[in-house]
Amino acid sequence: MKVLLDQGLPMSAAQLLRDEAGLDTVHAGEIGLSAATDAEILEVGRRDSRVVITLDADFHALLAVSGAAGPSVVRLRVEGLRARGAMDLILAVVQTFSRELVAGAVVTVHASRMRIRALPLLPELEA
């Protein structure tokens, strides 16, 4: 599995994921995307078959509006993550949901739980 960390995550987490976990990881800042829009980062994730990992809710919304089947996105909703904590959390998500992330999914991670939905996201129907 290949991963793209969004700008809000520590760049050093990408290095830890590569060196200590052997996970093919790049950080947006390492590949010239430090000022990229969310849509541009999603496009790079799709083009390079990378799971996008972010702190930003907009990625899920962009996928929902577009009806896209990829790339998979993991939103971390845990405050104050440093590099090692981010690495540990990302590894837990990847290990728990690897099959689903390869197939196309969005995962939301809270401190005490994780929620997953398959892509494409279907619009919510109003009653």
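- Between the side chain of His27 and the main chain of Leu4, no donor-acceptor pair closer than 3.5 Å is present.
- Two residues are said to be in side-chain contact when any heavy atoms from C-beta on lie closer than 4.5 Å; Leu23 and Arg18 fail this criterion.
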Side-chain donor/acceptor pairs under 3.5 Å, residues 41-66, sequence neighbours excluded:
{"unit_1": "Glu43", "atom_1": "OE1", "unit_2": "Arg46", "atom_2": "NE", "d": "3.3"}
{"unit_1": "Arg46", "atom_1": "NH1", "unit_2": "Gly70", "atom_2": "O", "d": "2.1"}
{"unit_1": "Arg50", "atom_1": "NH1", "unit_2": "Val3", "atom_2": "O", "d": "3.0"}
{"unit_1": "Arg50", "atom_1": "NH1", "unit_2": "Asp24", "atom_2": "O", "d": "3.1"}
{"unit_1": "Arg50", "atom_1": "NH1", "unit_2": "Asp24", "atom_2": "OD1", "d": "3.1"}
{"unit_1": "Arg50", "atom_1": "NH2", "unit_2": "Asp24", "atom_2": "OD1", "d": "3.0"}
{"unit_1": "Thr54", "atom_1": "OG1", "unit_2": "Asp6", "atom_2": "OD2", "d": "2.8"}
{"unit_1": "Thr54", "atom_1": "OG1", "unit_2": "Asp56", "atom_2": "N", "d": "2.9"}
{"unit_1": "Asp56", "atom_1": "OD1", "unit_2": "Asp58", "atom_2": "N", "d": "2.9"}
{"unit_1": "His60", "atom_1": "NE2", "unit_2": "Thr108", "atom_2": "OG1", "d": "3.4"}
{"unit_1": "Ser66", "atom_1": "OG", "unit_2": "Leu62", "atom_2": "O", "d": "3.1"}
{"unit_1": "Ser66", "atom_1": "OG", "unit_2": "Leu63", "atom_2": "O", "d": "3.3"}
{"unit_1": "Ser66", "atom_1": "OG", "unit_2": "Ala68", "atom_2": "N", "d": "3.1"}

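- The CZ atom of Arg99 lies 11.0 Å from the CE atom of Met1; values are rounded to the nearest 0.5 Å.
- For Glu40, the side chain to side chain donor-acceptor pair (under 3.5 Å) test picks out Thr37, with sequence neighbours left out.
- Checked by atom type and distance alone, the side chain of His110 never pairs as donor or acceptor with a backbone atom of Ser112 at under 3.5 Å.
- Put simply, the side chain of Leu121 reaches to within 4.5 Å of the side chain of Val106, judged on heavy atoms.
- Between Leu17 and Leu5, the closest side-chain pair of non-hydrogen atoms falls below 4.5 Å.
- Every residue was checked against the side chain to side chain donor-acceptor pair (under 3.5 Å) condition with Thr25, not counting sequence neighbours, and none meets it.
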* Are Arg77 and Val109 close enough, and set up right, to give a side-chain contact (heavy atoms from CB on, under 4.5 Å), and what steps lead you there? -> CA-CA 6 Å; Arg77 296 193 66 188; Val109 179; over 6 Å; no
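- Under the 4.5 Å side-chain heavy-atom criterion for ILVMFWY residues, a single connected hydrophobic cluster contains both Ile90 and Phe97.
- A single hydrophobic cluster is seen to contain both Leu9 and Leu101, as judged by linkage of ILVMFWY side chains at heavy-atom distances under 4.5 Å, directly or through other members.
- Under the side chain to side chain donor-acceptor pair (under 3.5 Å) criterion, Arg84 pairs with Glu20, sequence neighbours left out.
- Taking hydrophobic clusters as Ile, Leu, Val, Met, Phe, Trp and Tyr residues chained together by side-chain heavy-atom distances below 4.5 Å, Leu81 shares a cluster with Val107.
- Across all their heavy atoms, Ser72 and Gly104 have their closest contact at OG-CA, 3.3 Å.
- Pairing each heavy atom of Pro71 with each of Leu119, the nearest pair is O-CD1, 3.5 Å.
- In terms of the side-chain contact (heavy atoms from CB on, under 4.5 Å) criterion, residue partners of Ser12 (sequence neighbours excluded) are, by chain and number, Pro10, Ala83.
- Cluster membership check: Val74 shares its hydrophobic cluster with Met114, using side-chain heavy-atom separations under 4.5 Å among Ile, Leu, Val, Met, Phe, Trp and Tyr.
- Cluster membership for Val102 and Val73, using ILVMFWY side-chain heavy atoms within less than 4.5 angstrom, is not shared.
- Closest approach of Gly29 and Ser34 over heavy atoms only: CA-CB, 4.2 Å.
- Qualifying side chain to side chain donor-acceptor pair (under 3.5 Å) partners for Asp88, counting only residues two or more places apart in sequence or in other chains: none.
- If you take CD on Gln7 and CD on Glu30, they are separated by 10.0 Å, rounding to the nearest 0.5 Å.
- Taking 4.0 Å as the cut-off between side-chain N and carboxylate O, Arg117 and Glu100 do not count as a salt-bridged pair.
- Put simply, the side chain of Gln95 never gets that close to the backbone of Ala92: no donor and acceptor are under 3.5 Å apart.
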